[in-house]
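Here is the structure we will look at, set down as C-alpha cells.
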Amino acid sequence: METQSSSERPGMESNFQLKLREELTLLINRTLTQNLTTADIRFDRSPEEVSGDLAFGCFPLAKLARRAPNQIAAQLAAQTDCALLPGVTAVSASGGYLNLTLDLSSWLPDTIDFLLSCEQPEKGSLPPRKVVIEYSSPNTNKPQHLGHVRNNVLGQAVANLLSAAGDEVIRVNLINDRGIHICKSMLTWIKLGEGETPETTGEKGDHLVGRYYVRFETEIKLERKRFFAAAGIDPQQLAADELVKREQDFLAQSSWQQEAEELLLRWEAGDKELLDIWRTMNSWVLAGFDQTYSRYGITFDRTYFESETYLSGRNEIESALQAGLVQRREDGSIWISLAEEELEDKLLQRSNGTSVYITQDVGTALQRYEDYHFDRLIYVVGNEQRYHFRVLIAILRQLGHTWADNLEHLAYGMVNLPEGKLKSREGTAVDADDLLQAVKQAARQVMEASNRRHDFSEQEADQVAEALGLGAIKYYLLRVSANQDLQYDPERSVDLNGTTGPYLQYAYSRMTSLLRKSAFNHQPQMTFELDSAIEKELLLKLLEYAGVVQLAAQQRNPSRLAQYLYELARIFNRFWHDLPVLKAESSDIREQRLALTAACQRILQRGLHLLGIPTPEKI
RNA sequence: GCGCCUGUAGCUCAACUGGACAGAGCAACGGCCUUCUAAGCCGUAGGCUGAAGGUUCGAGUCCUUCCAGGCGUACCA
C-alpha cells in the first residue's frame with residue numbers, strides 16, 4: 001500500500017515559493033471553507049494560449065466543494081486580491097484552473113539567492129531514511145556489456161537522487177563469483193589456456209576470462225552438433241518436448257558439461273588447487289571491473305561476494321527446517337510452500353545438498369539487514385527477474401522477517417540493438433569498454449571537425465572527448481524510463497545532436513564561458529528589471545528543479561530529471577541566442593543576466609552530476 | 001496453458017500516476033553565423049494513443065474482452 005501521495009514531498013523552496021503556497025492555501029480555505037494544507041498546493045505551467053504563468057488546478061477541490069472546477073476557479077479569481085500573493089500581478093480563471101501571472105523582477109532576487117546559496121536545494125522535508133541500494137551485480141565469468149552499463153548507470157543515478165533528496169544511501173555491489181558458469185570459464189582456461197595471464201597477453205583480465213567463457217560455449221555447441229549428427233537427428237525437426245529430452249540426453253553425456261559440473265563439486269568441497277586458480281582468475285576479472293567502474297564513474301560503499309554470503313542462506317534454511325517452516329522431501333531436497341502468497345512452491349536446496357540461486361539471495365539479504373538495519377533495500381536488477389524477487393520477498397516473509405516488506409525490486413527493461421537482442425554467451429554483446437572507446441572517438445572527431453579553436457593540449461582534448469562520450473552514453477540510457485525496454489542504436493548514440501548528453505554539456509560550457517569571461521560574482525539582494533518572455537521561461541523552469549528531483553527520487557526514475565535538464569538547457573540556448581549578456585544594453589542588465597546564467601549553471605551542473613554526467617568547462 | 005510487462009508521429013522516446021488542444025528529438029522540407037562557442041536558434045509538415053466496449057464532469061492513464069510483441073513460469077543464474 002502506498003502511504004504517501006505523490007505530491008507531498010516538495011523539495012526546498014525559495015521564500016517566494018513558500019509564501020505563495022501559504023497565501024494561496026489561506027485564500028482557498030477562506031473562500032471555500034476548506035482545510036487544505038500547503039502540501040495540497042501544486043502548480044503546473046500555464047499553457048501558452050492562456051494568460052498566466054503558474055496554474056493551480058481546482059479539480060481536487062471540486063469533489064470537496066461539490067461544485068464544478070471552473071466555477072470554483074472563477075470564484076477564486078474573482079475574490080483574490082493579488083496584493084496578498086507575493087509577486088503576482090494578475091489572476092484569472094480558465095478551464096478549471098486558477099492562473100497566476102508572476103512579476104519577473106520581484107521573483108528573481110529571491111529565486112537567484114536561493115538557487116545560488118542553498119547548500120542542497122534538492123533536499124526534501126521528510127526525515128531521512130536509510131536506504132541500501134544494490135546495483136551492477138556482475139558475474140565474474142565475462143566482461144560487462146551494454147546491459148550492465150544500463151544497470152550501473154541507473155543504479156548510480158538513483159542512489160545519487162535519493163541521497164540528494166535527503167536519504168542516507170549505502171551503495172552496494174554483489175559479485176557473483178561462484179557457480180557453474182564460473183566453472184565453465186575456469187575449465188576452458190585450464191584445458192586450453194596454456195597458462196595465459198593478463199600480463200602475458202596484455203589483455204584486460206575480464207576480457208581474457210570472458211574469452212574462455214565464450215570458448216566454452218562454442219566448444220559445447222560443436223559437441224552438440226556432433227552428438228545430433230551421430231544420432232542422425234535434425235534438432236530443428238523435433239517437437240518441443242522431444243527436443244528438451246534430447247538436450248538433456250546430450251548434456252548428460254557431454255564431456256564439457258560433465259567436467260564443468262565436476263569442477264563445481266570440487267569447488268564446493270574446497271579443493272585447494274582449484275581454489276587457487278579460482279582466486280587468481282577472479283582477481284583478474286575484478287581488476288578489469290575496477291577499471292571499467294572507474295572510467296564510468298561507478299562507485300560503491302561496499303562489495304559483497306556470493307562466495308561469502310551463500311553459506312548464511314544455507315544456515316537460515318537449516319534453522320527454518322528445524323522450526324518446521326520448510327520441508328524436506330523424500331529425495332532430500334528442501335522446499336518452502338508459498339501457497340499463502342499464491343505462488344508456487346520453491347526449491348531451496350537441491351537433493352545433492354548444493355544451494356540454488358535464491359538461497360544465496362536469502363543469505364545476502366539477511367546479512368545486509370544485520371549490517372545496516374535498513375529502512376529500504378532496493379535491488380536494481382533486470383525485469384526478467386520480477387518473479388524471482390516476488391518469490392524472494394515472499395520467502396523472507398514466510399520465514400518471519402517483517403522487514404521483507406521493505407525490499408524493493410527496481411526492474412529495468414532490456415537493452416536491444418536495432419538488429420535484435422544482445423547475446424553475451426555468443427560474444428556478440430556490445431562490450432562496455434569498447435563502447436566508451438568508440439563513442440569517445442566519435443566525439444573527438446566532431447571536436448576536430450568543428451571550426452572552433454581552443455588551445456587544448458592533447459591531454460585536455462582527450463579528457464573532453466572522454467567526458468562527452470560518457471555524457472552521450474549515460475544520457476542515452478537515462479532518458480528512457482527505467483521499466484521500459486530500450487533500443488540502443490550505436491550510430492544514434494554517437495550523434496551529438498538532439499536530446500543528448502553533449503547537448504546539455506554544450507549548454508553548460510556556454511554558461512560557464514559567459515561567467516568566466518565576465519568574472520561574475522553574485523551579490524545577494526540585487527535588484528532586477530528583466531522582463532523578457534524568455535527570461536521568465538528560465539525563471540519558471542528553474543523553480544521546478546527541486547520538485548523534479550524529489551519526484552525522480554521517489555519514483556526511482558532518473559529519466560524525469562534527464563528530461564527536465566534538457567528543457568532547461570533548451571530554454572537557456574534560446575536565451576543565449578536572443579539576448580546579449582556580456583554586451584547587454586546596460587551594466588545592470590548585464591549583471592542581472594549573468595546572475596540568471598549563474599543560477600542555470602549551478603542547477604544544470606548539479607543535475608548532470610546526479611545523473612553521473614561530467615561537466616567540462618570548455619568544449 | 002498460466003503470470004508479469006509493453007503497444008503513443010515514419011523511427012527513438014515523454015506525458016507530474018485521472019485534468020487545459022497528447023509533447024520532444026531524429027529523419028524530411030524551409031530559414032538564421034562580419035555579433036558572448038552554429039555541437040546552436042527559428043519555422044513547416046507529421047496522431048482515431050493496437051482494437052472494441054465500460055466507469056467518469058473529464059481517459060493515453062482506471063475496469064472488461066480481444067489483438068500483437070517481450071519476459072517469466074528450472075534441482076539455470
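Residue numbers begin at 1 in each chain, while the letters A, B, ... track the order of the sequences.
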task = Mind checking A/N483 for me? I need base, sugar-phosphate or nothing, with any heavy atom below 4.0 Å counting as a touch.
result = sugar-phosphate
Between the protein and nucleotides 42-45 of chain B, which nitrogen or oxygen pairs come in under 3.5 angstrom?
{"unit_1": "B/rC42", "atom_1": "OP1", "unit_2": "A/R574", "atom_2": "NE", "d": "2.8"}

message = Expressed as a whole number of angstroms, how long is the span from A/R45:CZ to B/rG23:C1'?
response = 14 Å
ask   = How far, in whole Å, is B/rG50 from B/rU6 if one measures between their P atoms?
value = 13 Å
ask   = For A/G498, which contact category applies under a 4.0 Å heavy-atom criterion: base, sugar-phosphate, or nothing?
value = sugar-phosphate
task = Would you classify A/F59 as touching base, sugar-phosphate or nothing, given that sugar-phosphate means primed atoms plus P, OP1 and OP2, and contacts are heavy atoms under 4.0 Å?
result = base
key: Between P of B/rA14 and CD of A/E567, the distance in whole Å   = 13 Å
ask   = Any sub-3.5 Å donor-acceptor pair from A/S559's side-chain atoms to A/A562's backbone N or O?
value = no
ask   = Just checking, any donor-acceptor pair under 3.5 angstrom between side chains of A/N383 and A/H409?
value = no
ask   = Can you find a side-chain donor-acceptor pair between A/T354 and A/R350 that sits under 3.5 Å?
value = yes
ask   = Checking A/Q550 side chain against A/E122 main chain: does a donor-acceptor pair fall under 3.5 Å?
value = yes
ask   = Is the aromatic ring of A/Y503 within stacking range of B/rA39, meaning centres under 5.5 angstrom and planes under 30 degrees?
value = no
query = A/N151 side chain to A/S136 main-chain N or O, any donor-acceptor pair under 3.5 Å?
reply = yes
ask   = Rounded to whole angstrom units, what separation is found between the CG atom of A/D44 and the P atom of B/rA15?
value = 14 Å
request  = Specify the separation, in whole Å, of atom CD1 of A/I571 and atom P of B/rG23.
outcome  = 16 Å
Short heteroatom pairs, N/O only, protein and nucleotides 9-12 of chain B, under 3.5 Å:
{"unit_1": "B/rU12", "atom_1": "OP1", "unit_2": "A/Q487", "atom_2": "NE2", "d": "3.4"}

request  = Could you tell me whether A/Y476 and A/Y488 have their ring centroids closer than 6.0 angstrom?
outcome  = yes
ask   = With distance as the sole test, does A/N139 use its side chain to make a donor-acceptor pair with the main-chain N or O of A/N141 at under 3.5 Å?
value = no
ask   = When the distance from CD of A/Q555 to C1' of B/rA14 is rounded to whole Å, what number comes out?
value = 13 Å
request  = Mind checking A/L579 for me? I need base, sugar-phosphate or nothing, with any heavy atom below 4.0 Å counting as a touch.
outcome  = base
task = In whole angstrom, give me the gap between the C1' atoms of B/rG19 and B/rA59.
result = 10 Å
task = Would you sketch RNA chain B in dot-bracket for me? Only Watson-Crick or G-U wobble pairs with both distances under 3.5 Å count, crossing pairs as [ ], other-strand pairs as |, the rest as dots.
result = (((((((..((((.....[...)))).(((((.......))))).....(((((..]....))))))))))))....
task = Hey, which sits more toward the 5' end of RNA chain B by its nearest nucleotide, A/D495 or A/Q360?
result = A/D495
key: d(CZ, A/R560; C1', B/rA15) in whole Å   = 8 Å
request  = Just call it for A/P502: base, sugar-phosphate, or nothing, with non-hydrogen atoms closer than 4.0 Å on any strand.
outcome  = nothing
task = Would you check if the side chain of A/T597 reaches a backbone N or O of A/R593 as a donor-acceptor pair within less than 3.5 Å?
result = yes
ask   = On RNA chain B, nearest-nucleotide positions of A/Y357 versus A/N557: which is more 5'?
value = A/N557
query = How should the glycosidic conformation of B/rC26 be described, syn or anti, under the criterion that syn lies within 90° of 0?
reply = anti
query = A/F572 and A/F575: aromatic ring centres closer than 6.0 Å?
reply = yes
key: Any donor-acceptor pair under 3.5 Å from A/S518 side chain to A/F520 backbone   = yes
key: Integer-rounded Å distance: B/rG25 P and A/Q563 CD   = 11 Å
message = Considering every strand and a 4.0 Å limit on heavy-atom distances, what is the contact class for A/S509: base, sugar-phosphate, or nothing?
response = base
task = Return yes if a side-chain donor-acceptor contact under 3.5 Å exists between A/W335 and A/S333, otherwise no.
result = yes
inquiry  = Work out how far the P atom of B/rU8 is from that of B/rG70, and round it to whole angstrom.
reply    = 15 Å
ask   = Under 4.5 Å between any side-chain heavy atoms of A/N557 and A/L161, yes or no?
value = no
query = Between A/E384 (CD) and B/rU6 (C1'), how many Å, whole number?
reply = 15 Å
message = We want to know whether A/N573 and A/Y503 form a side-chain donor-acceptor pair, criterion being a heavy-atom distance below 3.5 angstrom.
response = yes
query = What interatomic distance, in whole Å, is found between C1' of B/rG72 and the corresponding atom of B/rC29?
reply = 46 Å
ask   = On a whole-Å scale, what distance lies between the C1' atoms belonging to B/rC42 and B/rU55?
value = 45 Å
query = Distance check: side-chain N/O of A/R510 vs OP1/OP2 of B/rA39, anything under 4.0 Å?
reply = no
